[in-house]
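Accompanying notes for the structure given below.
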Amino acid sequence: MNTITQILSKQKAFFKSQKTKDVPYRLSLLKALKQEIVSNEHAIYDALKKDFKKPEFETFISEFGLVISELNLAIKNLKKWAKPKRVKPSMLTFPARDYIYKEPYGTILIIAPWNYPFLLAIEPLIMAIAAGNTVILKPSELTKHTSQLITDIVQKIFPEAVAASIEGGVEIATELLSQKWDYIFFTGSVSVGKIVARAAARHLTPVTLELGGKSPCIIDDTADLKLVARRISWGKFLNAGQTCISADYIIIKSNLKDAFIDALKIEIIKRYGANPKESRDLPRIINKRNVQRIAEMLEDSHVIFGGNIDVEDCYIAPTLIDSPNLDSKLMSDEIFGPVLPILTYDTEQDIESIIWNYDKPLALYVFSNNDTFIEQTIKKYSFGGGVINDLLIHFGNHRLPFGGIGASGMGAYHGKTGFDTFSHNKAISKRGNWSDPSIRYAPYKGKLGLLKKMFKYFS
Ligand code: NAD
């Protein structure tokens, strides 16, 4: 195995060879990648099952299926996306033909988390390659089966000079971050995001940070509680709540709290049975350290449902918590597990004082049939993206950019937005030689009036 610096210098040299600028070459890589992933479909399900008992259904809907859709989209649209786009000239460029050229940044570092370990490593890789870059990818050390499979796939499809997967933990990540990159794409926690941003700043490297936070879910008194409970029982406990855009906590109109809790208990039992530990559909927590972390959050909480923990099995039952204090452990950090605190409100100010107590979240959800309340909420709070009357689904539309704001991240991707993220917009004005009006040249005397008229005409 070559060292990081060897691979990096190979990639830099290959990028300079101009080969990655060739769109048919990129297409051939993407098609080969798709074929390899399709032929590994069952190996992917097995790897995720071994890593944290993720059910095949969830791996299909939230990893494999999304990756294949992204590949199909890139393969179908790449020629169009990569073409220079002509724009109208302005007063100052006329007469010229003006274009935006899509330029690959060069050599890209992608660092991926463990919670959707296949999707969140491969999806940025697809668009980075589609845009004509070379990539070094570091998958998570916590999902060793999936990460090994990712490395095998990348190694089989890409020459090392185009893409490589380097496995390892903090030490390897630190070494990677000490290198000079043309772009860094990081998905993970806020605290490591700050480390990545600091490393990027050293070389003024542009960076996308896909981070997390405490994403609220507001339920007002016009919502259909049965339907709300059903949808929340899906979106909150998918991946055992280890989802960056999971509803971290509920804020419900106080008079509905008891009815909502009853409805949610019924739905959870429908999904996972009376003993969720026996359910084949509830993934495990990624490791004992995270079980311990969540268990500590429960210590001073009022558990009203679930609460069972088996550290050895990395199991935490779907758990509901009644009205925690905002300064409790549970409400201080992102929960990232199958634990749902239920807070209440009576006035709009109550909602404000909860949401504005935290940094800008990655997602916000509203369950309501009151259009005025919905629009007000969308516009009032600052958050990465969200859904009205459901959870998570905005992630699944490639036409919607996905990314955070403030502490939940910067930059976005998914679909064409991903291609744009990994491309520099190079502005080119192609000036003809057939005309060279004398107005811009000194001496300026007597020309200003005409210039002002021309500016008016062009604006
Ligand atoms: P993490 O930040 O611990 O790790 C992410 C990656 O960073 C891993 O590859 C890890 O090896 C590496 N890393 C860890 N410590 C490092 C260090 N000191 N220096 C450099 N690299 C380091 O995150 P995680 O536990 O894998 O994932 C959970 C977090 O990720 C949650 O906060 C979640 O909200 C967030 N997340 C965000 C998104 C999103 O799209 N916005 C998606 C998934 C997860």
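A quick note: this is a predicted structure, and the numbers were derived from the prediction, not measured. Counting starts at 1 for both ligands and their atoms, following the listed order.
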**Request:** Could you tell me whether Thr187 and ligand 1 have an N or O pair separated by under 3.5 Å?
**Result:** no

**Request:** Compute the shortest N/O to N/O distance between Ser140 and ligand 1 and return yes if it is under 3.5 Å, no if not.
**Result:** no

**Asked** Do the side chain of Lys288 and the main chain of Val311 share a donor and acceptor less than 3.5 angstrom apart?
**Response** no

**Item:** For ligand 1, the portion of Leu120 having any non-hydrogen atom under 4.0 Å away
**Value:** side chain

**Request:** Answer yes if the side chains of Ser147 and Glu167 hold a donor-acceptor pair under 3.5 Å, and no otherwise.
**Result:** no

**Request:** Report, in ascending order of atom number, the atoms of ligand 1 lying under 4.0 Å from any heavy atom of Asn115.
**Result:** 43 (C), 44 (C)

**Asked** Should one rank Cys244, Ala363, Pro117 by closest heavy-atom distance to atom 42 (C) of ligand 1, which comes out on top?
**Response** Cys244

**Request:** Specify side chain, backbone, both or neither for Val190, according to which of its non-hydrogen atoms lie closer than 4.0 Å to ligand 1.
**Result:** neither

**Complete:** Heavy-atom proximity to atom 20 (C) of ligand 1, picking from Ala173, Gly409, Ala199, points to Ala173

**Asked** Please, which pairs that meet salt bridge (Lys or Arg N to Asp or Glu O under 4.0 Å) have at least one residue in residues 26-35, sequence neighbours excluded?
**Response** none

**Prompt:** Would a distance-only check, ignoring hydrogens and angles, find a side-chain to backbone donor-acceptor pair under 3.5 Å from Gln242 to Arg284?
**Reply:** yes

**Complete:** Here the atoms of ligand 1 under 4.0 Å from any heavy atom belonging to Leu177 are 20 (C)

**Prompt:** Which ligand 1 atoms, with their elements, are less than 4.0 angstrom from a heavy-atom of Gly212?
**Reply:** 34 (O)

**Item:** Positive for side-chain hydrogen bond (donor to acceptor under 3.5 Å, both in side chains) with Lys54, one of Asn239, Asp281, Thr146
**Value:** Asn239

**Request:** Go through ligand 1 atom by atom and flag the ones less than 4.0 Å from a non-hydrogen atom of Glu210.
**Result:** 37 (C), 38 (C), 39 (C), 40 (O), 41 (N)

**Prompt:** Out of Trp181, Phe185, Tyr183, which one pairs with Tyr105 under the ring pair (Phe, Tyr, Trp, His ring centres under 6.0 Å) rule?
**Reply:** Tyr183

**Message:** Using a plain distance cutoff, I'd like to know if Ile111 has any nitrogen or oxygen under 3.5 Å from a nitrogen or oxygen of ligand 1.
**Reply:** no

**Message:** With a 3.5 Å distance limit and no angle check, can you tell me whether Ser215 reaches the backbone of Ile245 through a side-chain donor-acceptor pair?
**Reply:** no

**Message:** Whether Lys214 engages the ring of Tyr249 as a cation-pi pair (distance to the six-membered ring centre under 6.0 angstrom, angle to the ring normal within 45°) should be assessed.
**Reply:** no

**Request:** For Ala112, counting its heavy atoms only, list the atoms of ligand 1 lying under 4.0 Å from any of them.
**Result:** 6 (C), 8 (C), 9 (O)

**Request:** Identify, for atom 14 (C) of ligand 1, the protein heavy atom at the shortest distance, and state residue, atom and that distance.
**Result:** Val192 CG2, 3.9 Å

**Asked** Short N/O distance, under 3.5 Å, between Ser408 and ligand 1?
**Response** no

**Prompt:** For ligand 1, which atoms, with element, lie under 4.0 Å from some heavy atom of Trp114?
**Reply:** 24 (P), 25 (O), 26 (O), 27 (O)

**Message:** Please list all pairs meeting side-chain hydrogen bond (donor to acceptor under 3.5 Å, both in side chains) that have one or both residues in residues 351-363, counting only residues at least two apart or in different chains.
**Reply:** Glu352-Lys380

**Asked** According to the interplanar angle, ranging from 0 to 90°, do the rings of Phe64 and Phe60 count as parallel (below 30°), tilted (30 to 60°) or perpendicular (above 60°)?
**Response** tilted

**Request:** May I ask you to check if ligand 1 and Lys138 share an N or O to N or O distance below 3.5 Å?
**Result:** yes

**Asked** Hey, looking at atom 17 (C) of ligand 1, which of Val170, Val196, Ile335 has the closest heavy atom?
**Response** Val170

**Message:** With a 4.0 Å cut-off on heavy atoms, is Tyr116 in contact with ligand 1?
**Reply:** no

**Message:** Which of the numbered atoms in ligand 1 are under 4.0 angstrom from any heavy atom belonging to Leu211?
**Reply:** 37 (C), 38 (C), 39 (C), 41 (N)

**Fill in**
Here the atoms of ligand 1 under 4.0 Å from any heavy atom belonging to Phe336 are 28 (C), 31 (C), 33 (C), 34 (O)

**Prompt:** Is the backbone of Ala412 close enough, under 3.5 Å, to the side chain of Thr421 for a donor and an acceptor to pair up by distance?
**Reply:** yes

**Item:** Distance, nearest 0.5 Å, that separates CD1 of Ile4 from CG of Leu176
**Value:** 4.0 Å

**Message:** Any protein heavy-atom neighbour for atom 4 (O) of ligand 1 (distance below 4.0 angstrom)?
**Reply:** no

**Prompt:** Under the 3.5 angstrom rule, does the side chain of Gln11 hit a backbone N or O of Glu160 as a donor-acceptor pair?
**Reply:** yes

